[in-house]
S.K.: 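I have a structure I would like to understand better, so I am pasting it below and will then ask my questions one at a time.
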2 protein chains.
Amino acid sequence: MFNHLFSKGGLSLERMRGFMQMAEAGSISRAAPGDANRQSQISRQIRELEHFFGTKLTKRNGRMLTLSPAGQRLSQLIRGQLHDLEDFRKEQAEQPKSLVIGAAASVLDWLLVPVLPAISTLLGNATLYTEVHRSRSLSDAVRDGRVDLALIRKSAVAKGDPMAAVMKVGFHLCIPRRLLKRGTSQQDASSPLVWQRLPFAAGRDGGEADAAIRNSMKGVGVDFRPKFECGSLLQVLKLVQLEACAAILPTVGIPSLDPKLVLVLPFTPMRTFDRTLVLHWNRRQMERRGIESGHLKRLARLIATQRLP
Amino acid sequence: MFNHLFSKGGLSLERMRGFMQMAEAGSISRAAPGDANRQSQISRQIRELEHFFGTKLTKRNGRMLTLSPAGQRLSQLIRGQLHDLEDFRKEQAEQPKSLVIGAAASVLDWLLVPVLPAISTLLGNATLYTEVHRSRSLSDAVRDGRVDLALIRKSAVAKGDPMAAVMKVGFHLCIPRRLLKRGTSQQDASSPLVWQRLPFAAGRDGGEADAAIRNSMKGVGVDFRPKFECGSLLQVLKLVQLEACAAILPTVGIPSLDPKLVLVLPFTPMRTFDRTLVLHWNRRQMERRGIESGHLKRLARLIATQRLP
DNA sequence: AAGATTGCTGACTCCTAAGTCATGTTTAAT
DNA sequence: ATTAAACATGACTTAGGAGTCAGCAATCTT
């Protein structure tokens with residue numbers, strides 16, 4: 001059995017590794033930035049694998065090299081195999097498992113980081129790696145095992161894939177009371193006319209939420225010109241906490257605000273943008289690690305019920 | 001990622017292969033009979049793997065070497081990986097998949113072989129390998145992927161494992177009419193007194209069914225001394241077809257007998273021995289091959305409904 | 001106790017594959 | 001047209017692992 005795999009040369013773990021690195025990085029040069037040797041080596045290793053399997057594993061895409069369908073399959077297969085071996089090694093070395101958790105920056109910082117210790121405990125003292133991703137790329141990353149767990153909006157998960165609901169997320173208008181005229185009622189503050197005169201902070205991460213905020217503002221006739229455009233919502237939150245400006249923030253950020261200092265109102269123009277946040281995982285990946293879906297559902301509850309100080 | 005797997009030597013496909021061969025065979029010497037070189041090589045390869053993972057993969061058992069629990073896990077992991085690579089290679093080479101089908105000799109010959117072509121078609125022109133196994137070892141073989149499909153008695157399948165019923169199997173007393181006195185009624189022939197004077201053929205394969213037959217005979221007061229003791233039930237069937245002797249045969253063999261020449265009666269002493277034959281498979285293994293359980297259930301029906309000429 | 005079986009070890013040889021370097025080819029941007 | 005980026009290729013050196021052989025040690029059989 002398996003004679004065909006060994007009767008001719010050309011297959012080796014190192015080659016598989018080289019190919020997989022290229023697959024992860026998306027191209028050869030990105031797999032080994034600044035190392036021309038390694039680049040030529042990976043190029044050769046891929047060609048040797050192609051010769052072994054008798055198939056093209058890559059295709060040209062401009063001057064870059066990307067995976068062919070067969071290459072996609074093989075790279076995922078190899079990733080899984082190396083993963084298994086690594087898990088076995090860790091297990092034998094009595095090192096804890098490691099898991100990669102991905103989410104958008106704000107979700108990670110506000111929702112996930114506070115419960116990381118509890119998550120680690122729940123998963124048998126696993127070592128946890130966090131990675132910032134966009135929603136769209138996250139579901140891909142989970143699908144092919146680069147990320148083990150993701151906190152992601154439900155609509156980004158392909159149906160049939162496993163997930164567990166965590167919480168609903170909406171958007172809120174957050175206005176430091178200091179910036180409002182004395183005696184401004186909550187109802188007054190809900191008026192676009194008031195918004196127009198407030199200094200705003202906004203994200204500028206190119207994400208969907210960011211674009212939606214700007215569109216919504218435009219939709220209600222506000223010429224939205226934020227005073228601060230920040231690379232991340234964390235910075236926006238900070239600016240609000242400093243009472244320097246108002247902002248539209250997702251639910252997950254609200255607990256960080258002091259209600260005595262900041263007025264928080266539902267941001268009605270984005271009601272349709274409300275979304276459910278779910279914990280998403282790759283079924284095979286979790287089976288491999290021996291983590292049952294019961295654990296993961298408990299984990300989702302844990303995240304949902306945690307409260308910030 | 002996976003740096004630990006490559007930062008030190010000691011891990012290679014060849015070594016994994018050597019280890020797995022030993023694991024399959026049960027000992028080093030059986031893995032390479034008559035080849036002292038290969039034996040010493042495998043011994044070394046195993047030790048190198050043990051050093052790499054920092055664990056014992058084997059333990060002594062008398063002068064033989066068997067797997068430690070960690071070795072068990074690793075060998076199954078490796079088998080799966082090589083299997084995946086082999087499947088991928090075949091797929092790319094546009095060769096059909098191959099599947100190993102196991103069953104007891106009689107079940108294989110009488111029930112399975114006639115439908116092999118149909119099975120192959122159903123599974124996308126797969127190449128099929130048949131292997132003769134005992135029931136007990138079969139369920140083990142399926143569990144760790146050495147055998148893909150097994151036709152096996154239901155009680156030998158661990159509960160929770162996937163299976164599909166094929167048919168009930170009982171045992172029948174088959175007596176060539178030539179051997180009975182003229183005018184012997186069917187009822188007369190059912191009497192142990194008649195059996196005592198008949199020449200019998202029986203299996204002597206050490207299987208459970210064989211032992212049960214002998215016990216049952218003893219139970220009804222027959223001093224069971226078969227005239228022929230054959231290594232396989234196929235030979236027993238042949239002897240009955242030749243009208244040379246009577247025999248106790250399982251349901252699957254009955255269609256090969258001409259009812260005009262051979263009287264077939266239920267063998268009542270073994271009623272409690274009736275069993276259900278099921279098609280059994282390894283869930284992961286079938287997922288790997290992309291074979292759905294719907295296909296397998298259809299396959300079970302196919303086997304059940306086939307009729308011998 | 002003698003012999004056979006099974007596995008382990010050391011000391012090699014040989015070969016595959018990893019790694020290095022220089023240079024060529026294709027494609028994209030200016 | 002020129003330049004730069006990304007990959008490919010040829011011609012090597014080096015290292016690690018496969019393969020071979022001889023001999024030893026432990027265990028079972030008789």
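What you see below is based on every heavy atom in this structure, not just the backbone, and it leaves out hydrogens, waters and symmetry mates.
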S.K.: In terms of side-chain heavy atoms of B/Q45, which of D/dA18, D/dC21, D/dC7 is nearest?
M.R.: D/dA18
S.K.: Can you check the A/Q41 CD to D/dC7 P distance for me, whole Å?
M.R.: 15 Å
S.K.: Could you give the CD-to-P distance, from A/E48 to D/dC7, as a whole number of Å?
M.R.: 17 Å
S.K.: What is the distance from CG of B/D35 to C1' of D/dA18, rounded to the nearest Å?
M.R.: 13 Å
S.K.: Which comes earlier along DNA chain C counting from the 5' end, the contact point of A/S12 or that of B/M64, where each point is its nearest nucleotide?
M.R.: B/M64
S.K.: Write down the atom of A/F273, the atom of A/A212, and the distance for their closest heavy-atom approach.
M.R.: CE1-CB, 3.6 Å
S.K.: Looking at B/L138 and B/V147, what are the two nearest heavy atoms and their distance?
M.R.: CD2-CG1, 4.2 Å
S.K.: Between A/S43 and D/dT9, does any side-chain N or O lie under 4.0 Å from OP1 or OP2?
M.R.: no
S.K.: Hey, does the side chain of A/Q39 come within less than 4.0 Å of D/dC7's phosphate (OP1/OP2), counting only N and O?
M.R.: no
S.K.: What's B/G10 touching, base or sugar-phosphate or nothing? Going by heavy atoms closer than 4.0 Å.
M.R.: sugar-phosphate
S.K.: Within the 4.0 Å heavy-atom criterion, would you say A/S40 contacts the bases, only the backbone, or no part of the nucleic acid?
M.R.: base
S.K.: Does a distance-only test, which skips hydrogens and angles, find a donor-acceptor pair under 3.5 Å between the side chain of A/R44 and the base of D/dG10?
M.R.: yes
S.K.: Can you give the first and last nucleotides of DNA chain C, 5' to 3', that have an atom under 4.0 Å from a heavy atom of chain A?
M.R.: C/dA17 to C/dA28
S.K.: If the cut-off is 4.0 Å, is A/R47 near the phosphate of D/dT9, judged by side-chain N/O to OP1 or OP2?
M.R.: yes
S.K.: Checking B/R38 against B/Q21 for the side chain to side chain donor-acceptor pair (under 3.5 Å) test, could you report, in this order, the C-alpha distance in whole Å, the side-chain angles of both residues, the deciding distance, and whether it holds?
M.R.: CA-CA 11 Å; B/R38 181 78 185 136; B/Q21 287 180 337; 2.8 Å; yes
S.K.: Taking the nucleotide of DNA chain D with the nearest heavy atom to each, does A/L65 or B/R38 sit closer to the 5' end?
M.R.: A/L65
S.K.: Verify the distance criterion only: is there a donor paired with an acceptor across the side chains of B/S98 and B/K90 at less than 3.5 Å?
M.R.: yes
S.K.: Using side chain to side chain donor-acceptor pair (under 3.5 Å), reason through B/T58 and B/E50 one step at a time and then give a plain yes or no.
M.R.: CA-CA 9 Å; B/T58 55; B/E50 287 179 331; 3.2 Å; yes
S.K.: For the pair made of CZ in B/R15 and C1' in D/dG16, what is the distance, rounded to whole Å?
M.R.: 8 Å
S.K.: Please check if any side-chain donor atom of B/Q45 sits under 3.5 Å from a side-chain acceptor atom of B/S12, or the reverse.
M.R.: no
S.K.: Name the one of A/R73, A/K59, A/M22 that satisfies side-chain contact (heavy atoms from CB on, under 4.5 Å) with A/L67?
M.R.: A/M22
